[in-house]
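These notes are about the structure you will find just below.
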Amino acid sequence: MLDAVDRRLIEATQAGLPLEPRPYRAVAEVVGIGETEVIARLSRLLEAGAIRRIGVIPNHYALGLTANGMSVWDVDDNAIVEAGARVGALDFVSHCYERPRHLPLWRYNLFAMVHGRSRDEVREKVERIADLLGEAQRAHEILFSTRILKKTGLRIAA
């Protein structure tokens, strides 16, 4: 499925696109093809599923969002799909997903990451989620981040 140029293209972009006004042109120079071909090949690789997505991974701390908390929710299993969609649509939730419960130790089945400039701001946003969920949620907690973990995707070798 991947030819030699595709492989060079993936190797050139897997650590991120260059922070330049025309990042695809910079990648084209590294790979030895034209900018238009870079864009066409990346589009084809996306459509084929060889590349899952091209997106931004923000550093929340550098943006001033230093009080980040994973809110965890005990949500009625019959309401979790709708609840997750509603919570995930909030502009202050970066990701929201369902996880299995591990009773009797862990009752929570819905996770939503909330970002803020202070812990009070995060707590206020979590209360907005509680209001949104209403009776569909039975309990929740906030697990505040204490350090940044390195985020990287799969890397292929040359």
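Counting from 1, the numbers follow the sequence of the chain as shown.
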Would a 4.5 Å heavy-atom cut-off, applied to side chains only, mark [X] and [Y] as touching?
X: Asp74; Y: Gln137; answer: no
X: Val72; Y: Met70; answer: yes
X: Thr36; Y: Tyr24; answer: no
X: Arg86; Y: Glu82; answer: yes

**Asked** Can you list the steps and then say if Trp73 with Ile129 is a side chain to side chain contact (heavy atoms under 4.5 Å, CB included)?
**Response** CA-CA 10 Å; Trp73 303 84; Ile129 295 173; 3.2 Å; yes
Determine the minimum heavy-atom distance between [X] and [Y], stating which atoms define it.
X: Pro100; Y: Trp106; result: O-CD1, 4.5 Å
X: Gly88; Y: Cys96; result: CA-CB, 3.8 Å
X: Tyr61; Y: Ser145; result: OH-CB, 3.7 Å
X: Gly34; Y: Ala28; result: C-CB, 3.6 Å

Is the [atom1] atom of [X] crowded by more than 12 outside heavy atoms at less than 6.0 Å?
X: Glu135; atom1: CD; result: no
X: Leu19; atom1: CG; result: no
X: Arg99; atom1: CZ; result: no

**Residues Glu121 and Arg117 bridged, charged N to O under 4.0 Å** =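 Between Arg117 and Glu121 there is no salt bridge, as every charged N stays at least 4.0 Å from the carboxylate O atoms.
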**Message:** Under a 4.0 Å threshold between the charged nitrogen and the carboxylate oxygen, would Asp120 count as salt-bridged to Arg123?
**Reply:**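 Judged by the 4.0 Å cut-off on N to carboxylate O distance, Arg123 and Asp120 do form a salt bridge.
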Please round to the nearest 0.5 Å and tell me the distance separating atom [atom1] of [X] and atom [atom2] of [Y].
X: His115; Y: Ser94; atom1: NE2; atom2: OG; answer: 2.5 Å
X: Asn68; Y: Phe92; atom1: CG; atom2: CZ; answer: 13.0 Å
X: Leu110; Y: Tyr97; atom1: CG; atom2: OH; answer: 9.5 Å
X: Ser71; Y: Met113; atom1: OG; atom2: CE; answer: 9.0 Å
X: Ile51; Y: Ile10; atom1: CD1; atom2: CD1; answer: 5.0 Å
X: Tyr108; Y: His140; atom1: OH; atom2: NE2; answer: 8.5 Å

**Prompt:** Ignoring hydrogens and geometry, is there a side-chain-to-backbone donor-acceptor pair from Arg101 to Arg107 under 3.5 Å?
**Reply:**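 Yes, because the side chain of Arg101 sits within donor-acceptor range (under 3.5 Å) of the backbone of Arg107.
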**Item:** Any donor-acceptor N/O pair, Glu20 side chain to Arg22 backbone, under 3.5 Å
**Value:**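 No.
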Is [Y] reachable from [X] through a run of hydrophobic residues whose side-chain heavy atoms are each under 4.5 Å from the next?
X: Ile39; Y: Leu2; value: yes
X: Val93; Y: Ile142; value: yes
X: Val122; Y: Leu133; value: yes
X: Leu45; Y: Ile33; value: yes
X: Val126; Y: Val87; value: yes

**Request:** Using distance alone, with no hydrogens and no angle criterion, decide if Asp77 and Asn109 have a side-chain donor and acceptor under 3.5 Å apart.
**Result:**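 Their side chains do contain a donor-acceptor pair, which is all the 3.5 Å distance test asks for.
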**Request:** Flag this pair as yes if the NZ/CZ of Arg119 is under 6.0 angstrom from the six-membered ring centre of Phe144 and inside a 45 degree cone about the axis; otherwise no.
**Result:**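 Yes; both conditions hold, so Arg119 lies above the ring face of Phe144.
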**Message:** Among Thr13, Val30, Val31, Asp3, which residue satisfies the side-chain contact (heavy atoms from CB on, under 4.5 Å) criterion with Arg8?
**Reply:**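 Filter result, single survivor: Val31.
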